[in-house]
Amino acid sequence: MALIGGMPQHAGDAERQERRDGELSPDLIRISGVTKIYSGVVANDNIRLGVAPGEVVGLLGENGAGKSTLIAILSGLTAPSRGLIEVGGRSFSPNSPADALREGIATAYQHGALVPTLSVDEQLHLANVEDDDTIRTLLREMDRSRTVRELSVGERQLLEIARAVGRTPRVLLLDEPTSTLEASQVEMLFDVIRQRRSAGRATVFVTHKLGEALAICDRIVVMRRGAVVDELRPTAGNWPAGTEDRLLGAMFGADPGAMTGNAAVTKRRPGAPAGNGSVVLSVGRVVDTGPAARHRPVGVSLTVRAGEIVAIAGIQGQGQRELGKVLAGYRPCRGAVSVNGTALSGKGAREFAGAGVGYLTGDRRGEGIVARMSITANLLLKRQREEGAQRFGILRARAIREAARREIAAWGIRPPDPGRPAGTLSGGNMQKVLLARELVREPVLLVADNPTHGLDVRSQVRVAEALRSVANRGGAVILLTADLDEALRLSDRVAVMNAGRLSPLGPTAAADRAELSRWMAVGW
Amino acid sequence: MDLSAIAATVLASAVLASIPLMLAATGEAIGERAGVLNLGIEGTMLLAGLVAFRVALDTDSIVIGLLAGPLVGLVVGTLFGLLVTLARADQVLVGIGLTLAGTGLSGFLFREWYGDQQPLLDTGSGRPLASLADHVPVVGPALFDQHWVVYAAMIGVLLLGPVLTRTRAGLLVRATGEAPFAVDAAGISVWRVRLGATAMAGVLGGLAGAVLVVVELGFFRPGVTAGAGFIAIAVAMLGQHTPLRVAVASLVFGVLQGLGPGLQVAGAPVGSDFPRLLPYLGVVVALLLARHRVALPAALGRPYDRATARQDD
Amino acid sequence: MVAASVESIRETSPAAMRSRPVLETLVAVVLSIVAGSVVLLITGHDPVEVYRALIERAVLRPAGLEETVVRATPLMITGVAVLIAVRAGIWNIGIDGQVLVAALAAAVAAALVTDAGRPVVWLTATVAGLVAGAAWALPAALLRARFGVNEIVTTIMFNYVALFLTAWLVKGPLRDRSVVSPQTELIPRELRLVSLGDTRTHAGIIVALVLVVLVGWALRRTVAGLELRVVGENPRAAAVALIPVRAYLFGALVVSGAVGGLAGANDILSTKGTFQAEWDPGYGFTAFALVFLARRSAWALVPGALLLGMLAYGADVMPRAAGIDPAFFGVIEGTLLASLAAPVLIRGLLARRTRKEVR
Amino acid sequence: SAQEGVEVRSVAIVTPASRTNQGWDQQGVDNLIRVGEELDVDVEVAENLGYDDITPVLLDLASDDVDLIVCHASGYQTVCPEFAAAEGVPVVVIENPEAIQPGLVADIETQAQEAAYLAGVMAGNETTSGTVGIVVTGQPPTWNFMTVGFAEGLKAARPDARLVYTSVGEGTYDDAAAARQVTDTVLAAGADIVFGMGDGAAFGMIQAIREHNQQSPGQPPVRFIDVIGDKSGNEEAADLLLTSVLFDYTAAYTQMIADLEAGTFGQVYTMDLSNGGVNLLETKLAIRSETTEAVAAARSGIESGAIQVSSVGDAKGVDQRLRELFPT
Ligand SMILES: Nc1ncnc2c1ncn2[C@@H]1O[C@H](COP(=O)(O)OP(=O)(O)OP(=O)(O)O)[C@@H](O)[C@H]1O
Ligand SMILES: Nc1ncnc2c1ncn2[C@@H]1O[C@H](COP(=O)(O)OP(=O)(O)OP(=O)(O)O)[C@@H](O)[C@H]1O
Ligand SMILES: [Mg+2]
Ligand SMILES: [Mg+2]
């Protein structure tokens, strides 16, 4: 039963809550009628939710559903426009994160709250974290004298979790804590959460990964367009059959079939020229010569043909990002690179782009979006010098506005407000903006760096479709990803990168998952 | 002509002249470390210098005068800090305002208090190690023939190095300039850290003004700092916001500044305008050489606003 | 990089924003008057008397307005110069040096062509000023774009270098030998910029206004303007969007220098007529204050410059009228700037109150 | 223009720096006020105007109906005549004899080289180390005239003397800290008499000398020669003030007002030894009788025309003349 519509849902919610109050200890946190409005956008809509001691509550919802907003309100980052929160039975209206911490609420933020220039130890000290067993376990593989900046993305995420867990809070809020973690690290985190459960401490777990939510949560709450739309709990320790469909339905609205039916779209179009199409990209013994990197690509050779998606899987920081930049002309290299027969060795990003190379950055906020500029401007970027956008160096305002409106509609960017600063978009919507502006240029080769990172399932599908459409149109795609399953799911051929070296490239259909994952960890 | 005597004097005088610069630049460095760019040190130095002068004259005590300077600096720095944190005022605007107001007020009060009189303080005494100066050629006076305040200031500034790197207060300051959101998220009030840092910067700026007026010159004149407050901003950056390096940079600046008159007196046909360029060109060259190490705190100049912080991280 | 962050994403409705600048400015003026009164009272002056004299002189005499416009002209031009750099994320604190070098170049160049008549003199001085200003910004621009050397420090340093260099030139090689004091050959009044009607205002203000409109438009409406702003907002994103970041950093600083140079040429062609060794108008800081006062908007430079121009004139004539030290007007100006920055205080207080009320 | 006498009710003076700058600006203002009191004429002072365009201030003064404006800086020598021509208000400029116009523009020549020559003679006779320093804050004509005059007097009195000439830098009239650093260096070169030309910056020089004297007890104290005003009222300064090249504008100002009323305004007023416009200050420091005699002899030599002191106003000329006098 998917709960759609306003009233009944709240009634049912209240009922459930009352029932639970009877059987469980009283809620640690009780949220009633919380609404948050950002200049017209209802980010949280009349939310009612309780969290009991020892409970692990999963919070799911598509990009922009309002999960992080709720976390922000509970963390004291922002005040609700309306509504009441109680913690331990007392009214709670934090002025700052400090107030929330005092009440025993600690948060690992979606985008982290670390100081790049501090060492790991200094960072923990800053956050008043005691160095206990839990911390030592979580950080056991980390060189603690290194600065946060020098850590890999995954290590940073672990540290962010440790920073919050280390305060042994009554309530731990985790906003997408596993987006860049490896399986073993996720398991480590789950151990910590289980310990907390047995100690009677509550955890709120925001994620886009249904599997993880089902594995660890005692209850799953689904948000959609700011409101809580569904709430599920296992019966007798097991999730009932069809739970996934129900979750997806609640997350994305009426038609869960849209999520599974897309498999066809993401697979190669029958009759597309894959594998034997013309050579789009040819790379011979390329050595990255750009600014210092933890691992720079060395001796990379690669041929990519029209119509195929080639995935390069690797743990974050093994040199895939650098390789992506080399292949899009953003980092200099030695060796031979040619696109559609045009030699591009020694050329810059503009020549690469001129030859039809598109690039989807892996650092959306850092180097993708211009946060304080409008969605329109962000959609325009990279094309601003093209015919349709300008005449004699003067921007064609109307044409640009219309193009923006079209793309906002076509990609379902939300909120559909062309003038809104792009920095206020949710991650998924930012990615749509960046994808939209790459795809209108109809790239011959699209280099996509971790394009689904942080995206909800539907957005992930949307991205996958977009990549496949490039291939189906006769272009080629290089998909750099930290997620081996994604690599296997989306690609035609796959290779692994480890310590700057590229493994042999083979057809995905014949790939051995276990072997590839070993390669990712230790090389070959 | 005794070139070594000239060199010795140039150096000794450069050391003395570098002390106010060093103090002010260290203060600026601390403020910048916390993310606050203070263009108002010039004004702070002048106000504090004037008050220190008056207090020293009235009490007939250099020490009390020297204490008055930092006190004024504390008040001014706190006011500045409150404006740029709680009031979220623009740092550049308030800084320029402070310089204008401080320059104006100190000049105005000086005339109100002293009319066209120009009292002078005694700056000749208080040199505990002077007797050692003759035993060391050339650098003897620079090392030993100095006022005790010079030594005290140097030790104080050098001690601030470990304070920044080793103490929790230092940690908070450094973190706040880089990632205020992370500090906020750690449950620490960003504005309090910044207020503390600007107050400290004010204290050091005030002390700089007091030392300039009471120890180096022995008198106040309207505008007596002659731009030292701005040079301090450059020196703070050149010194990579570390007290030790700031001290070295100030010293080098002082020596380059003294080199001009040194060359003129030694009879080099350089005129007076070209040697005066030296310290400024020197700073540019030094920056060029040290370019890989000069990084500004990431949040420098940005008022911290929790509502937008998450987008900026 | 220090990035200005005056513009943030506000959670207020546009209508509420629009009505405030006037109110905020009024509050700031009142605050600075109060601060000034305190100083006056403490030192035994009668504030009412002082402010009465002040208003009589600055507001009730017609010359005041004309002079305000004359003073605002170079401020507007240097404000545009600072704005161009600031929008690209660059701090050009070297306006003073650029003005000095450009003024000297303009004065010398114009003196060479005095026989050729007015238009030639204007054109020569303008071009000389633009080129010299750009040239003076060039080292800092190169160091920044090529080696990443922080321009805040280099531009400050080049101000001092300009001061001593121009002094040396005008005392030596470029000096007009027919007069004793070190200055360049005087450009006769008839050859300088035309006055507007029978006033002291001159064609420079038209140039300044055109410049404001042009730059304001270019920043919004041209590809170069857009790219420049992107570089200023997020240089890494700019690079990914195929914008030549270094070229923009370089170009913005050089163009900023050129525009700064224009202010120098304007002064020579209007009020000064000659470059003097000790002249150093120090527009730089005021221009910075102006840009931040205008919240980085080009159009708002115009009222901002007029306000600051009025203050500059006031500081010159009011001390005599009020019988107090001119330094006093530094206090007024300084507190005015500081409190103009404080509308955010008012807004912050308001925001806090609403937050509290809601809960 | 036809000249007619006017009754002078108020006069004004405009100065680039503060009227309490202990030097050039203060002397002009103080002198004009004294003349005003004597003649019962109102005096308006507009100070601290820098070298920006001062026309609005001049206009403002004109709107207050002043009868004469003293433009008290050589830097105002072009703007003031322009203003006078446009507005018809009489002005006095400094160091620009070319600009004079009957009824409109008069000029004051503060050519203090003669008095500076006497100071040089005094220094030559009084120095024991044989090294004498000159410290200037910038190189405006007024300083340049005095530098050359002083150097010629020194050379005449003591041909084997060594002269150390240093400039603190452009426009450093009030940069006491820099002046102090420069003076320290001059003292290190062995100078025992320093001729210092600066306004507020002079106190930086005085402090350097005071401290030097305190540090070297037993040695003959270094002494200071000041310019423009009389700092002997200041106890600490008086202890080392050998003399000062005094500027006295009162005679010139009185004469100008008289000329204006008589309709003969518009001449060059030269301040020199013979008319008392410049003079040497007598201080409490003991000087040798030979010195007094030598200075007196030089004075009569100048007055009789037997001694000709060069008049050099530009910086280049100063360098040249100093090199001639004291080749290294
Ligand atoms: N500071 C802000 N100003 C304006 N709008 C905002 C702000 N923060 C969030 N929003 C908007 O509120 C809505 C909810 O955003 P939120 O970040 O809570 O979503 P989310 O569920 O966490 O999404 P994601 O899965 O992408 O992290 C979005 O439409 C977003 O654009
Ligand atoms: N860095 C900052 N710059 C500007 N304003 C800030 C900054 N930090 C906090 N503020 C604002 O200052 C006010 C008080 O800050 P905050 O709520 O952090 O105080 P606090 O540390 O929680 O103190 P207390 O617990 O005593 O209330 C709030 O209005 C907050 O929005
Ligand atoms: Mg989120
Ligand atoms: Mg989000």
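Note: hydrogens, waters and symmetry copies are ignored here, and every other heavy atom, side chains too, is used. Each chain gets a letter, A, B and so on, in the order the sequences are listed, and its residues count up from 1.
- A salt bridge links C/R71 with C/D316; the closest basic N to acidic carboxylate O contact falls under 4.0 Å.
- For an aromatic pair to be called close, the ring centres must be under 6.0 Å apart, and B/F230 with C/Y160 fails this.
- Using a 4.5 Å cut-off between heavy atoms, C/L293 contacts chain B through both its backbone and its side chain.
- Between the B/T242 side chain and the B/R245 main chain, no donor and acceptor come within less than 3.5 Å of each other.
- Contacts between C/F158 and chain B at a heavy-atom distance below 4.5 Å involve the side chain alone, from C-beta outward.
- Taking the six-membered ring where the residue is Trp, the centroids of B/F53 and B/Y114 are separated by under 6.0 Å.
- Side-chain atoms of C/E151 do not come within 3.5 Å of backbone N or O of C/A140 as any donor-acceptor pair.
- There is no contact between B/L278 and chain C, counting heavy-atom distances below 4.5 Å.
- For the set C/F147, C/F328, C/F329, the count of heavy-atom pairs under 4.5 angstrom toward chain B peaks at C/F147.
- Neither the backbone nor the side chain of B/L238 comes within contact range of chain C, judged by heavy atoms closer than 4.5 Å.
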